[in-house]
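For reference, positions follow the sequence shown, starting with 1.
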Amino acid sequence: NFLILDSDGALHFLDPADDWGTRGTLDNVVGSVSASPAPQPAIAISQADEIAYVADPDGQSVAIIDLDSRTLLRRINLGFVPAGFTWLGLAEHEHEHEHEH
């Protein structure tokens, strides 16, 4: 997936492997994107799941998007304007533990 957030607050899903063809659009992901320098909406992608998180400064919230179905799973209301956005999660790996006795 390649994600583009347009000035109307819609999220566009493109497929780089298919000559950048569109996979769909999800409207009203964030409020209108203002021309002011900051804060602006931001996108973070989970490496553990097919999930995108979109920070919405205008709506003081975070939208959680399912990348497979291209749907809004839920919205987290923050009660403050997010000024930055970073995904710190790690992909899950299986670990084998050997115990010596």
Side-chain angles (χ1 to χ4, degrees):
N1 287 295
F2 186 84
L3 306 177
I4 297 175
L5 190 62
D6 71 19
S7 60
D8 292 329
L11 190 63
H12 300 267
F13 303 82
L14 303 179
D15 186 354
D18 186 25
D19 199 27
W20 298 97
T22 184
R23 296 184 65 219
T25 300
L26 182 60
D27 292 326
N28 303 314
V29 173
V30 301
S32 61
V33 178
S34 68
S36 64
Q40 291 293 329
I43 301 171
I45 306 294
S46 167
Q47 297 302 310
D49 300 299
E50 291 296 312
I51 301 290
Y53 300 88
V54 183
D56 181 3
D58 189 50
Q60 297 187 0
S61 64
V62 174
I64 302 175
I65 309 297
D66 183 307
L67 295 175
D68 286 333
S69 64
R70 297 175 297 282
T71 58
L72 175 67
L73 294 176
R74 64 183 277 223
R75 190 175 299 277
I76 301 171
N77 293 312
L78 301 174
F80 59 88
V81 175
F85 206 52
T86 303
W87 174 254
L88 297 176
L90 301 175
E92 184 175 328
H93 296 285
E94 294 201 18
H95 299 283
E96 293 183 22
H97 298 284
E98 294 182 15
H99 299 284
E100 293 183 20
H101 297 284

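- Annotation: Asn28, atom CG; neighbour count of heavy atoms from other residues, nucleotides and ligands within 6.0 Å does not exceed 12.
- Atom NE2 in His12 sits 8.0 Å away from atom CG in Leu5 (nearest 0.5 Å).
- Closest non-hydrogen pair, Val30 versus Asp56, comes out as CA-OD2, 3.3 Å.
- There is a path of hydrophobic side-chain contacts, each under 4.5 Å, that joins Leu72 to Ile45.
- In this structure, the side chain of Asp15 engages the main chain of Ala17 through a donor-acceptor pair within 3.5 Å.
- To the nearest 0.5 angstrom, Tyr53 atom OH is 7.5 Å from Ile76 atom CD1.
- In this structure, the side chains of Val81 and Pro39 come closer than 4.5 Å at one or more pairs of heavy atoms.
- Here the side chain of Arg23 pairs no donor or acceptor atom with the backbone of Gly21 at under 3.5 angstrom.
- When atom types are taken as modelled, the side chain of Asp18 and the backbone of Trp20 share no donor-acceptor pair closer than 3.5 angstrom.
- Contact check for Leu26 versus Phe13: side-chain heavy atoms found under the 4.5 Å cut-off.
- Two residues are said to be in side-chain contact when any heavy atoms from C-beta on lie closer than 4.5 Å; Asn77 and Gln60 fail this criterion.
- Heavy-atom minimum distance, Pro82 versus Ser61: CG-O, 4.4 Å.
- With a 4.5 Å cut-off on side-chain heavy atoms, Leu11 and Thr25 do not count as touching.
- Thr71 places no side-chain N or O within 3.5 Å of a backbone atom of Leu73 that could act as its donor or acceptor partner.
- For the residue pair Arg75 and Val29, the shortest heavy atom distance occurs at NH1-O, 3.0 Å.
- Residues Leu78 and Val62 have side chains in contact (heavy-atom distance under 4.5 Å, counting atoms from C-beta outward).
- Asp66 places a side-chain N or O within donor-acceptor distance of the main-chain N or O of Ser69, the cut-off being under 3.5 Å.
- Looking only at side-chain heavy atoms (C-beta outward), Leu67 and Leu3 come within less than 4.5 Å of each other.
- Contact between Ser46 and Ala48 at its shortest, heavy atoms only, is OG-N, 3.1 Å.
- Here CG of Asn1 is found 7.5 Å from CG of Asp68. Values are rounded to the nearest 0.5 Å.
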